[in-house]
Amino acid sequence: MEVVVDPNCETAWIDPDKVRQVLLNLVHNALHAFQADRGRVQITARKGQLAGPGGATLEALELVVEDDGPGITPDVLEKLFIPFFTTRDQGTGLGLAISRRLVEAHGGEVAVRSPPGRGATFTLRIPSEMPPQLSDQATDGSAHG
């Protein structure tokens with residue numbers, strides 16, 4: 001696994017435990033997708049942008065988790081964030097649904113891209129400035145990270 005942090009990366013008000021939970025879930029899913037213990041996972045932190053209220057563009061912290069596994073088929077891709085949907089025998093189908101809700105509680109968004117047979121890329125965008133209406137929900141006990 002490789003971690004890349006752009007020196008121009010934005011900071012954001014986050015709950016570090018919740019964002020860590022999201023990243024661990026995405027890495028865990030990537031590792032389960034690999035065949036014969038082979039594959040690469042990279043986490044990148046960089047500057048990004050997010051559509052804000054009223055169409056405004058917000059500066060954002062962008063966290064990207066990408067792997068070179070087999071990818072996600074289009075039929076699975078459309079169901080990925082539905083609670084209790086899973087493709088694994090031992091899965092609960094809650095990890096990605098919870099991850100999306102945690103990112104959205106920070107005023108952010110999750111996007112996924114997976115060209116057939118070419119891995120998967122999950123992109124989290126969290127606004128650099130927490131919208132006032134979300135600050136009590138998402139940052140209860142949090143730190144600026």
Side-chain angles (χ1 to χ4, degrees), residues 1-6 9-35 38-143 145:
M1 183 167 70
E2 183 179 359
V3 176
V4 178
V5 179
D6 182 331
C9 181
E10 288 289 323
T11 58
W13 285 98
I14 62 169
D15 179 323
D17 292 330
K18 290 178 180 163
V19 173
R20 183 180 305 114
Q21 179 182 349
V22 172
L23 292 173
L24 286 174
N25 182 57
L26 293 174
V27 169
H28 183 260
N29 286 351
L31 294 175
H32 273 280
F34 294 141
Q35 311 275 327
R38 304 173 87 196
R40 178 188 68 80
V41 178
Q42 179 173 306
I43 301 173
T44 305
R46 62 189 181 205
K47 185 176 186 171
Q49 294 185 327
L50 176 68
T57 300
L58 304 174
E59 296 298 316
L61 166 63
E62 194 169 86
L63 300 170
V64 181
V65 178
E66 57 188 324
D67 67 65
D68 63 357
I72 305 167
T73 61
D75 61 313
V76 171
L77 202 55
E78 66 187 34
K79 300 174 189 165
L80 215 50
F81 296 101
I82 297 173
F84 304 108
F85 173 78
T86 185
T87 59
R88 296 197 313 241
D89 292 338
Q90 308 261 312
T92 63
L94 291 174
L96 289 174
I98 290 170
S99 293
R100 177 188 245 171
R101 287 191 181 142
L102 291 174
V103 172
E104 288 174 350
H106 283 81
E109 67 182 16
V110 178
V112 61
R113 185 174 50 84
S114 184
R118 295 183 40 212
T121 302
F122 287 81
T123 303
L124 319 175
R125 291 180 191 91
I126 301 172
S128 298
E129 296 295 324
M130 181 60 62
Q133 70 273 20
L134 296 174
S135 62
D136 290 336
Q137 297 173 30
T139 59
D140 187 16
S142 71

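The first residue in the sequence is number 1, and the count goes up from there.
Taking every heavy atom of both residues into account, F81 and A97 meet most closely at O-CB, 3.5 Å. Between G107 and L50, the shortest heavy-atom distance links the atoms O-CD2, 3.5 Å. Taking both residues in full, the closest heavy atoms of R46 and V64 are given as NH2-CG2, 3.4 Å, listed atom of the first, atom of the second, then distance. The two residues C9 and L61 have their closest heavy-atom pair at SG-CD1, 3.3 Å. Between V110 and F122 the shortest heavy-atom distance is CG1-CD2, 4.4 Å. Scanning all heavy atoms of the two residues, the minimum distance from A33 to P70 falls at O-CD, 3.2 Å.
Exactly one of I98, V103, L102 qualifies for a side chain to side chain contact (heavy atoms under 4.5 Å, CB included) with K18. That residue is L102. Screening E2, E66, M1, H28 for a side chain to side chain contact (heavy atoms under 4.5 Å, CB included) with V41, the sole residue that qualifies is M1. Just one residue in the list I126, L124, T123 forms a side chain to side chain contact (heavy atoms under 4.5 Å, CB included) with E62, and that residue is T123.
A donor-acceptor pair under 3.5 Å is formed between the side chain of S114 and the backbone N or O of G119.
Between L63 and V19, the closest side-chain pair of non-hydrogen atoms falls below 4.5 Å. Annotation: side chain of F84 is not in contact with side chain of T92 (no heavy-atom distance under 4.5 Å). Side-chain contact between L58 and S128: absent, with no pair of heavy atoms (C-beta onward) separated by less than 4.5 Å. Using a 4.5 Å heavy-atom threshold, the side chains of P116 and T73 count as separate.
Annotation: the span from L96 atom CG to I82 atom CD1 amounts to 11.5 Å, rounded to 0.5 Å. A distance of 11.0 Å separates CG of D67 from CD1 of I43, quoted to the nearest 0.5 Å. In this structure, D15 CG and R20 CZ are separated by 9.0 Å, a value rounded to the nearest 0.5 Å. Summarising the geometry, atom NZ belonging to K79 is positioned 13.5 Å from atom CD1 belonging to I72; distances are rounded to the nearest 0.5 Å. Note: H106 NE2 to W13 CH2 = 11.5 Å, rounded to the nearest 0.5 Å. The CG atom of N25 sits 13.5 Å away from the CZ atom of R100 when rounded to the nearest 0.5 Å.
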* Criterion side chain to side chain contact (heavy atoms under 4.5 Å, CB included) on R88 and N29, from CA distance to verdict -> CA-CA 10 Å; R88 296 197 313 241; N29 286 351; 3.3 Å; yes
* To do: List the steps, then state whether side chain to side chain contact (heavy atoms under 4.5 Å, CB included) holds for L24 with V27.
  => CA-CA 5 Å; L24 286 174; V27 169; 5.6 Å; no
* **Verdict with reasoning, D6 to T44, per side chain to side chain contact (heavy atoms under 4.5 Å, CB included)** => CA-CA 8 Å; D6 182 331; T44 305; 5.9 Å; no
* Run the side chain to side chain contact (heavy atoms under 4.5 Å, CB included) check on Q49 and E59 step by step: do they pass? -> CA-CA 5 Å; Q49 294 185 327; E59 296 298 316; 3.8 Å; yes
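Within 6.0 Å of CZ in R40 there are more than 12 heavy atoms belonging to other residues, nucleotides or ligands.
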